[in-house]
Amino acid sequence: MKKIINKPEDYVNEMLEGLYIAHPDLITYTADDLRCLVTANKKEGKVGIATGGGSGHLPLFLGYVGLGMLDGCCVGDVFQSPSAEQMLAVTKEIDSGAGVLYIYGNYNGDIFNFDMAAEMADFEEGIRVESVVAGEDVASAGPASPGEKNTRRGVAGIVFVYKCAGAAADAMLDLDEVKRIAEKAAANVRTMGVALSPCIVPRVGKPGFEIGEDEMEIGMGIHGETGIRRGKLEPADQIVTEMLDKIVADIPYVSGDEVAVLVNGLGSTPLDEQYIVTRRIDQYLKEKNIKVHRYYVGEYATAIEMAGFSISLLKLDDELKKYLEAPARTPFFTQV
Amino acid sequence: MKKIINKPEDYVNEMLEGLYIAHPDLITYTADDLRCLVTANKKEGKVGIATGGGSGHLPLFLGYVGLGMLDGCCVGDVFQSPSAEQMLAVTKEIDSGAGVLYIYGNYNGDIFNFDMAAEMADFEEGIRVESVVAGEDVASAGPASPGEKNTRRGVAGIVFVYKCAGAAADAMLDLDEVKRIAEKAAANVRTMGVALSPCIVPRVGKPGFEIGEDEMEIGMGIHGETGIRRGKLEPADQIVTEMLDKIVADIPYVSGDEVAVLVNGLGSTPLDEQYIVTRRIDQYLKEKNIKVHRYYVGEYATAIEMAGFSISLLKLDDELKKYLEAPARTPFFTQV
Amino acid sequence: MNTIYLIKLIGEIKDIMAENKDYLIQLDSVVGDGDLGLTMSDGYLAAYNAISDGTETDVGKLLYTAGKAMSVAVPSTMGTLMASGFMQAGKVLKGKTELTDYDIVELFSAYMDGVMNRGKAKVGDKTFLDGLNPALIALRERIDKGESLQAAANASAKAAEEGFENTATMIAVHGRAATRGEMSRNLKDPGAAVAMLIMKAFAKSLAD
Amino acid sequence: MNTIYLIKLIGEIKDIMAENKDYLIQLDSVVGDGDLGLTMSDGYLAAYNAISDGTETDVGKLLYTAGKAMSVAVPSTMGTLMASGFMQAGKVLKGKTELTDYDIVELFSAYMDGVMNRGKAKVGDKTFLDGLNPALIALRERIDKGESLQAAANASAKAAEEGFENTATMIAVHGRAATRGEMSRNLKDPGAAVAMLIMKAFAKSLAD
Ligand SMILES: Nc1ncnc2c1ncn2[C@@H]1O[C@H](COP(=O)(O)OP(=O)(O)O)[C@@H](O)[C@H]1O
Ligand SMILES: Nc1ncnc2c1ncn2[C@@H]1O[C@H](COP(=O)(O)OP(=O)(O)O)[C@@H](O)[C@H]1O
Ligand SMILES: [Mg+2]
Ligand SMILES: [Mg+2]
Ligand SMILES: [Mg+2]
Ligand SMILES: [Mg+2]
């Protein structure tokens with residue numbers, strides 16, 4: 001394990017200390033608990049938005065708390081859920097009477113704890129909490145039939161949900177409306193990823209899985225969950241084509257539709273490669289006559305030092321476009 | 001070689017195509033040459049600032065062209081200088097009568113080509129060009145005696161020089177003044193890095209050097225240049241202390257001095273680790289009573305997929321602070 | 001039976017989880033992320049520590065407190081589910097200071113309800129429930145027939161073990177194991193092993 | 001001697017660089033980044049292609065054009081230095097269409113000036129100059145003594161080779177090799193090898 005760390009058990013807390021040191025104008029914490037991160041700029045009367053999940057995905061989840069996006073975030077150990085108690089503390093801190101929206105990824109542990117926190121917030125504090133669960137990894141399961149539970153994993157596409165919901169809350173919409181926008185964004189985003197190398201959870205100390213020197217795994221999740229297929233590494237254009245075939249078929253799109261595109265590095269993939277991917281995405285979408293409103297390229301949701309990337313498409317309408325374009329300023333996402 | 005690319009020989013140009021696709025509002029190119037990148041928002045009467053160097057360092061150099069920072073940039077193949085001819089094309093495009101300042105790193109090939117370009121700009125085009133060469137890697141050589149040539153490598157600290165000079169130009173200062181600010185920033189910045197793993201130049205196809213599974217190299221350059229010492233990997237706090245001892249002794253600092261700090265990931269070092277580093281930097285500087293005005297944490301100058309990081313300190317006075325704080329918007333650096 | 005007994009019961013569960021830490025890690029490493037041994041031993045220890053001073057006489061409050069402590073200590077899937085079980089049992093038994101054999105059945109039944117309300121899984125989904133459910137059926141049957149609590153507990157421990165073994169025929173539809181789909185068949189469910197261990201500790205708590 | 005001869009000379013240099021591509025790669029791999037074989041063969045080929053049509057009769061313009069083509073093709077350290085050498089020689093000999101033996105000395109002397117102006121290195125810094133400088137001294141001496149250009153060229157090729165060998169005693173202070181400090185001693189300088197190859201090609205261009 002080759003990491004620039006001190007004791008593995010201090011990994012998360014020391015990372016958090018560094019985060020507060022670097023961004024004092026934007027974030028702070030509550031309940032004397034470094035893992036209960038809240039905005040340093042609370043806006044009275046605004047719907048509060050909170051998220052959370054395991055550590056190891058920076059800039060997810062912490063990095064999106066700030067102006068025009070999220071108000072609070074709880075993190076657990078690497079790849080482990082934070083507790084309901086911690087989420088309750090954040091909820092109390094960010095509520096200013098308009099209620100709180102939870103937006104988080106579709107993982108068992110997170111769901112259970114956010115649900116428990118929502119109950120406690122209601123029973124113990126009288127705070128109204130609504131939840132939107134993001135699950136948009138088309139490689140992780142088929143689409144849910146009407147009325148069925150969505151079993152897809154939530155991955156990088158959640159950033160689009162944060163952005164749209166955050167802008168709606170910032171525009172002082174009420175909780176139902178903010179929830180509606182978040183649900184709309186979640187319903188219109190699709191993601192797929194590919195991994196080339198595993199990552200090492202510091203306290204585990206060894207790679208989460210093995211993969212050959214010339215292999216890739218298409219559809220792998222951001223904790224190393226099994227993907228759709230493992231095979232020989234292919235040229236970038238071919239990989240992107242396979243991924244987009246799946247993503248685009250899932251909505252489906254018609255000629256003239258408009259999207260926002262998120263190209264996301266999983267940890268150790270150079271930006272150069274992400275732009276080579278961007279180039280092919282643009283060709284592909286032009287062929288399908290899908291218009292790209294805006295590209296986001298970089299690391300938005302990682303798996304520690306995994307090599308690989310994901311592509312997320314958000315299908316836009318005028319409403320989502322408006323909220324996507326709104327300004328925001330957080331430790332990792334600034335848009336003017 | 002595990003990379004998400006197509007043909008290695010298309011690596012740089014395809015990356016550039018992706019870059020223009022993703023950031024059409026900020027950047028474009030001139031002379032029908034993708035490698036001659038210029039701002040999409042030319043400001044009349046402003047001193048033009050250009051940089052350049054080899055590819056493989058994203059977001060350096062390309063990513064800092066935009067509003068309030070650089071106006072043009074030439075890149076060569078991976079780790080190879082662009083040509084004087086290309087630099088001349090950029091120079092012509094970004095000059096609007098106030099002259100052009102070149103800011104680039106202290107590498108032989110770059111120096112020769114920028115010098116040649118400056119001569120051509122003067123002789124052939126009558127454009128006044130001044131140059132500031134950044135060389136601030138304290139691990140690469142001792143400090144230059146007065147009158148002696150600075151032989152230190154330029155690394156991530158150049159971003160501070162871009163920022164301050166860019167803001168000065170944006171404030172419509174004249175070429176001599178912008179150059180003075182750039183020189184002041186360059187004279188007050190110091191950097192040191194550490195590497196844990198090598199990188200692979202796509203056309204070479206194999207790692208640039210070998211390093212043991214439990215080793216690090218303190219002071220290594222961003223092309224894999226030999227550092228100060230190779231040894232067993234140590235805890236983060238210990239590595240940071242060794243690096244800061246060198247950096248701080250070099251200026252030297254007195255109690256009460258103020259700095260900006262840049263923590264820079266070299267390519268595959270997770271943000272988490274960079275924040276663990278930030279935490280220790282803060283402790284260290286507090287002990288020395290050096291005040292941190294602002295932290296920048298993330299990838300600012302990489303070596304493809306090298307693991308490791310660098311620390312840069314910029315000693316501030318009121319003037320530099322003013323220009324550092326000014327807003328900027330480029331593909332990779334947005335400050336409001 | 002009162003809170004003193006419950007402290008003993010939770011103490012036995014804490015001990016058996018500690019003894020089987022590596023076994024649970026090993027089971028969870030195959031289908032999940034391998035943390036189950038840690039979370040269960042840490043979680044029940046936290047639960048035990050929160051109630052072991054013996055000052056609480058309200059059975060319901062004691063169970064609720066144990067659950068809350070567990071949820072703070074180990075917010076993993078099973079940690080939160082076990083916490084939800086305790087908290088639900090606490091709600092149902094609130095106000096009581098003495099427990100009949102029927103109340104003990106009620107305790108496990110409420111524990112199961114708590115897990116189901118939180119997890120939304122059904123029996124047969126290859127989870128903890130597939131260990132606890134047969135145990136609960138056996139427990140209720142024996143008590144209804146008038147057998148001793150010890151005999152009923154022994155039978156329920158056996159049923160839990162069979163339930164655990166049986167999970168090797170099911171396909172996982174929840175949690176990390178679900179991402180393996182058909183490949184999850186043939187593997188026993190780690191959460192069901194936890195149910196088996198709980199029921200074994202229960203039998204033991206009556207025996208000594 | 002006119003531009004036709006210079007085309008031949010540059011053609012010989014292009015050929016010898018192509019033949020020694022792997023050798024230069026190997027030398028540069030030890031102390032630098034290993035590209036010297038590629039840049040020198042590509043660079044002199046570009047220089048040659050830019051002037052080989054034989055339409056230019058002005059010696060200075062031909063040399064300047066060769067240099068400019070080289071600078072565009074291979075903007076590496078040595079690529080730009082060699083381009084600067086050609087361009088300086090072009091400036092000095094501009095307007096001439098015929099070259100005396102003394103003009104040939106002037107050509108190499110101006111080439112060296114171009115490299116020195118651009119690179120700011122001194123003789124003894126373990127660079128290209130340490131191959132070219134002894135060759136230039138030998139060339140000038142022999143011509144001053146009235147020897148034939150062929151004899152002088154042979155002597156200068158020999159001197160360049162000795163200069164190249166001699167670099168194994170020097171410490172690099174420029175470029176990538178300089179980052180090795182004391183470790184760069186004992187290694188021969190790749191750029192000085194290029195000077196040796198140029199002078200060999202020069203001798204050959206007169207022989208055939
Ligand atoms: N919805 C659910 N209801 C009941 N039990 C569940 C549910 N989902 C998962 N489990 C149980 O949780 C066990 C894994 O627990 P744990 O190791 O804590 O999960 P994780 O580490 O993924 O958070 C599974 O073996 C299964 O028995
Ligand atoms: N300032 C200089 N003046 C003359 N020659 C130099 C100078 N710096 C380096 N060289 C020569 O350049 C050679 C390396 O050239 P090259 O491989 O093109 O460098 P790089 O690949 O680092 O750009 C060295 O062996 C040395 O002879
Ligand atoms: Mg587990
Ligand atoms: Mg777990
Ligand atoms: Mg070289
Ligand atoms: Mg080179």
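A note on names: the letters A, B, ... follow the listed sequences, proteins ahead of strands, and every chain is numbered from 1.
Of the possible donor and acceptor atoms, one in the side chain of A:N113 sits under 3.5 Å from a partner among the backbone N and O of C:P75.
Annotation: the span from A:D77 atom CG to C:S76 atom OG amounts to 11.0 Å, rounded to 0.5 Å. Taken from CG in C:D33 to CD in A:Q80, the straight-line distance is 5.0 Å, to the nearest 0.5 Å.
Residue C:F108 qualifies as enclosed at atom CZ: its count of foreign heavy atoms under 6.0 Å is above 12. Counting heavy-atom neighbours within 6.0 Å of A:K2 NZ, excluding the residue itself, gives a total above 12. Residue C:K204 places its NZ atom among 12 or fewer non-hydrogen atoms of other residues, nucleotides or ligands, all under 6.0 Å distant. Counting heavy-atom neighbours within 6.0 Å of A:E124 CD, excluding the residue itself, gives a total above 12.
Residues from residues 45-68 of chain C that place a non-hydrogen atom less than 4.5 Å from a non-hydrogen atom of chain A comprise C:Y64, C:K68, given in numerical order. Within residues 112-120 of chain C, the residues having any heavy atom less than 4.5 Å from a heavy atom of chain A are, in residue-number order, C:R118, C:G119, C:K120. Of all residues spanning residues 153-166 of chain C, none has a heavy atom less than 4.5 Å away from chain A's heavy atoms. Annotation: residues 83-99 of chain C contacts chain A through C:A83, C:S84, C:M87 [non-hydrogen atoms, separation under 4.5 Å].
Looking at every heavy atom in both residues, C:H174 comes nearest to A:N108 through C-ND2, 3.8 Å.
Of the listed residues A:G54, A:P82, A:G76, A:A84, the one with more heavy-atom pairs under 4.5 angstrom with chain C than any other is A:P82.
Only the side chain of A:E119 comes within less than 4.5 Å of a heavy atom of chain C; its backbone N, CA, C and O stay farther away.
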